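Input: a single structure, listed below in structure tokens.
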Number of protein chains: 2
Amino acid sequence: MAKRSSSSKEVLLGLLTIEPMSGYDLGQVIRDSIGHFWNESYGQIYPNLKKLAAEGFVGSKAERQKDKPDRRIYSIAPKGRKRLAEWLAIEPQPEIPRNELLLKLFFGAQASIETLVGFVERMAEREGAQLRNFERIHAELEKGRQYPGTPYWKMAARFGQIELDAHLRWTQESLAELNKIAGKRRSRSLTRSEERHGTK
Amino acid sequence: MAKRSSSSKEVLLGLLTIEPMSGYDLGQVIRDSIGHFWNESYGQIYPNLKKLAAEGFVGSKAERQKDKPDRRIYSIAPKGRKRLAEWLAIEPQPEIPRNELLLKLFFGAQASIETLVGFVERMAEREGAQLRNFERIHAELEKGRQYPGTPYWKMAARFGQIELDAHLRWTQESLAELNKIAGKRRSRSLTRSEERHGTK
DNA sequence: GGGTGCATGTAATGGGTTACATGATTCT
DNA sequence: AGAATCATGTAACCCATTACATGCACCC
């Protein structure tokens with residue numbers, strides 16, 4: 001059997017140790033704070049909160065807001081803290097990534113160089129922007145208010161920084177390599193066209 | 001709607017451009033050559049090959065072997081090459097990774113430092129071994145027989161190298177950081193126990 | 001009145017792993 | 001005889017995204 005158990009509920013428990021939140025808040029925090037290494041959709045968050053509440057891992061209470069729609073605030077229960085602690089003690093399984101860009105590059109011989117260059121360039125742009133964002137976040141964690149979690153959040157942000165920096169170095173190297181290949185392909189096709197036209 | 005379409009069939013087509021192979025072979029090649037950025041289970045490979053054959057994207061023929069069980073060899077058809085080319089031209093979507101180790105580290109304030117240190121140490125060991133493996137693969141691609149795909153395979157291997165190297169630097173930095181935190185936690189609890197015992 | 005952000009949910013769909021099932025061949 | 005590797009396949013299950021559905025409050 002070995003169910004994937006999947007950590008989706010535990011993320012919610014973990015975030016609720018920071019402070020009580022609504023499902024909507026959790027969605028935002030996941031996207032903005034741990035989005036670079038974890039994400040959850042609302043189609044996952046709301047049902048899981050309901051289940052966690054039904055099983056006594058979290059408490060919930062309705063909150064009336066005057067300027068915004070009402071909402072339901074969840075807070076972690078002792079039973080939830082226990083579950084979180086147990087999960088935290090389990091050795092994390094090395095994840096199996098799926099990198100479509102690398103896959104397409106791997107099959108590069110079947111593709112046009114211009115296309116591949118475009119893919120890598122866009123990756124560099126995207127990840128460059130992300131990197132600058134991480135540097136901002138890391139700086140804020142340094143000077144902002146210190147929570148018990150701050151040192152750990154910084155380590156996670158550093159991971160993003162270091163990894164993105166590595167990716168950017170790879171994009172530079174690969175763009176150079178792709179240019180070399182493009183040069184060769186061009187000269188080869190020139191040769192062939194010269195042959196066809198009886199030149200040289 | 002926007003079906004995930006998922007690239008699972010295209011990987012098979014892509015690998016079959018290298019040479020005709022059986023489903024079993026494809027499983028091995030996926031694990032050994034592109035396993036660091038893509039993987040497929042046999043429960044995915046066999047049914048997809050069948051579908052690809054039924055739709056005319058690949059051809060298949062039975063092969064009798066005297067020293068091993070019989071097997072079915074698949075080869076890419078012109079229609080399959082077309083499909084592959086179309087897929088290759090589509091901008092790859094940035095993947096959404098799920099890194100359980102980072103997630104647990106992010107909630108580090110709720111865990112024991114010794115546990116976290118163990119996680120990171122094991123990650124360093126695992127990825128260190130993978131890095132050495134990549135260096136070997138990259139060297140073999142340099143000196144081995146040159147296929148049309150070789151330059152691209154090298155780029156993919158370099159990605160693995162560069163990324164793993166970055167990860168290892170992060171593990172070193174993080175282990176140092178965790179040690180600092182452990183020191184603080186110890187002195188804090190010592191202080192508290194001194195207070196309890198009326199020391200100082 | 002319409003757009004946007006806040007807020008909560010359900011249902012359909014589907015991708016993918018895991019487990020199960022079977023069998024040949026070779027080596028010890 | 002049993003273990004290991006080669007080889008192919010199916011079925012169950014489940015995780016997760018996406019789409020759909022609804023409604024409040026606020027501002028232009």
Side-chain angles (χ1 to χ4, degrees), chain A residues 1-12 20-32 34-35 37-54 58 60-74 93-100 103, chain B residues 1-12 20-32 34-35 37-54 58 60-74 87 93-98 100 103:
Chain A
M1 268 106 222
K3 8 201 109 162
R4 263 254 141 276
S5 78
S6 96
S7 316
S8 284
K9 287 178 181 162
E10 284 78 13
V11 196
L12 303 176
M21 278 182 268
S22 68
Y24 190 77
D25 290 339
L26 285 162
Q28 312 260 99
V29 171
I30 289 169
R31 175 164 47 73
D32 300 336
I34 60 175
F37 58 85
W38 201 272
N39 74 337
E40 297 287 344
S41 58
Y42 285 116
Q44 197 78 344
I45 294 169
Y46 285 115
N48 276 329
L49 280 173
K50 222 171 207 182
K51 284 175 211 156
L52 285 169
V58 299
S60 85
K61 65 167 207 284
E63 189 192 71
R64 235 169 278 153
Q65 297 185 117
K66 51 179 187 314
D67 52 336
K68 286 172 200 165
D70 295 355
R71 51 196 226 139
R72 180 156 290 276
I73 301 294
Y74 293 88
Q93 293 306 305
E95 66 285 4
I96 333 89
R98 282 195 148 192
N99 189 327
E100 203 182 311
L103 187 61
Chain B
M1 269 103 221
K3 11 201 106 161
R4 261 255 142 275
S5 80
S6 99
S7 315
S8 284
K9 287 178 182 162
E10 283 77 13
V11 196
L12 303 176
M21 278 182 267
S22 68
Y24 190 77
D25 290 339
L26 285 162
Q28 311 260 101
V29 172
I30 289 168
R31 176 164 48 73
D32 299 336
I34 61 175
F37 58 84
W38 201 273
N39 74 337
E40 297 287 344
S41 58
Y42 285 114
Q44 197 78 346
I45 294 170
Y46 285 115
N48 276 329
L49 281 173
K50 223 172 208 183
K51 283 175 212 159
L52 286 169
V58 299
S60 85
K61 65 168 207 282
E63 189 191 73
R64 235 169 278 152
Q65 298 185 115
K66 51 180 189 314
D67 53 337
K68 286 171 197 165
D70 296 354
R71 51 197 225 139
R72 180 157 288 277
I73 302 293
Y74 292 88
W87 171 79
Q93 293 307 303
E95 66 285 5
I96 335 88
R98 282 194 148 193
E100 202 182 310
L103 187 62

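Please read these numbers as outputs of a predicted model, since none were measured by experiment. Convention: sequence-line order gives letters A, B, ...; per-chain numbering from 1.
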dist A:Leu52:CG -> A:Ile45:CD1 (nearest 0.5 Å) comes out at 11.5 Å
Give the rounded distance in Å between these two atoms: CD of B:Gln93 and P of D:dA16.
20 Å
In whole angstroms, the gap separating C1' of C:dG16 from CG of B:Leu12 amounts to 13 Å
So if I take residues 62-74 of chain A and measure heavy-atom distances to DNA chain D, which residues fall below 4.0 Å?
A:Lys66, A:Asp67, A:Lys68, A:Pro69
Any B:Ser6 side-chain nitrogen or oxygen under 4.0 Å from OP1 or OP2 of C:dG14
no
Looking at side-chain heavy atoms only, is the closest gap between A:Val11 and A:Ile34 below 4.5 Å?
yes
Considering just the side-chain nitrogens and oxygens of A:Ser8, establish if one lies under 4.0 Å of OP1 or OP2 belonging to D:dC15.
no
Mind checking what makes side-chain hydrogen bond (donor to acceptor under 3.5 Å, both in side chains) contact with A:Asn48, not counting sequence neighbours?
none
Atom-pair distance (CD on A:Glu100; C1' on C:dG15), nearest Å
14 Å
side-chain hydrogen bond (donor to acceptor under 3.5 Å, both in side chains) against B:Glu40, all qualifying residues, sequence neighbours excluded
A:Arg98, B:Ser8, B:Trp38
How close or far is atom C1' of D:dC14 from atom CG of A:Asn48, stated in whole angstroms?
12 Å
Please enumerate all residues that pass ring-ring contact (aromatic ring centres under 6.0 Å, His included) together with B:Tyr46, with sequence neighbours excluded.
B:Tyr42
With a 4.0 Å heavy-atom cut-off, tell me which residues in residues 38-46 of chain B come close to DNA chain D, sorted by residue number.
B:Gly43, B:Tyr46
For A:Glu95 versus A:Pro97, what's the shortest heavy-atom pair and its separation?
O-CD, 3.3 Å
Atom-to-atom span, CZ of A:Arg98 to C1' of C:dG15 - whole angstrom
8 Å
What is the minimum heavy-atom distance between B:Pro47 and B:Gly43, and which atoms define it?
CG-O, 3.3 Å
Salt bridge (Lys or Arg N to Asp or Glu O under 4.0 Å) filter on B:Glu63, not counting sequence neighbours, yields B:Arg71
Taking the side chain as C-beta and beyond, is there a heavy-atom pair between A:Leu103 and B:Trp87 under 4.5 Å?
yes
Separation of C:dA7 atom P from A:Leu26 atom CG, nearest Å, is 12 Å
Spacing between A:Asp25 atom CG and C:dC6 atom P, to the nearest angstrom:
10 Å
Would one find a side-chain N or O of B:Tyr24 under 4.0 angstrom from OP1 or OP2 of D:dC6?
yes
Is the phosphate of C:dT8, meaning OP1 or OP2, less than 4.0 Å from a side-chain N or O of A:Lys50?
no
Report the distance from atom NZ of A:Lys9 to atom P of D:dA16, rounded to the nearest whole Å.
11 Å
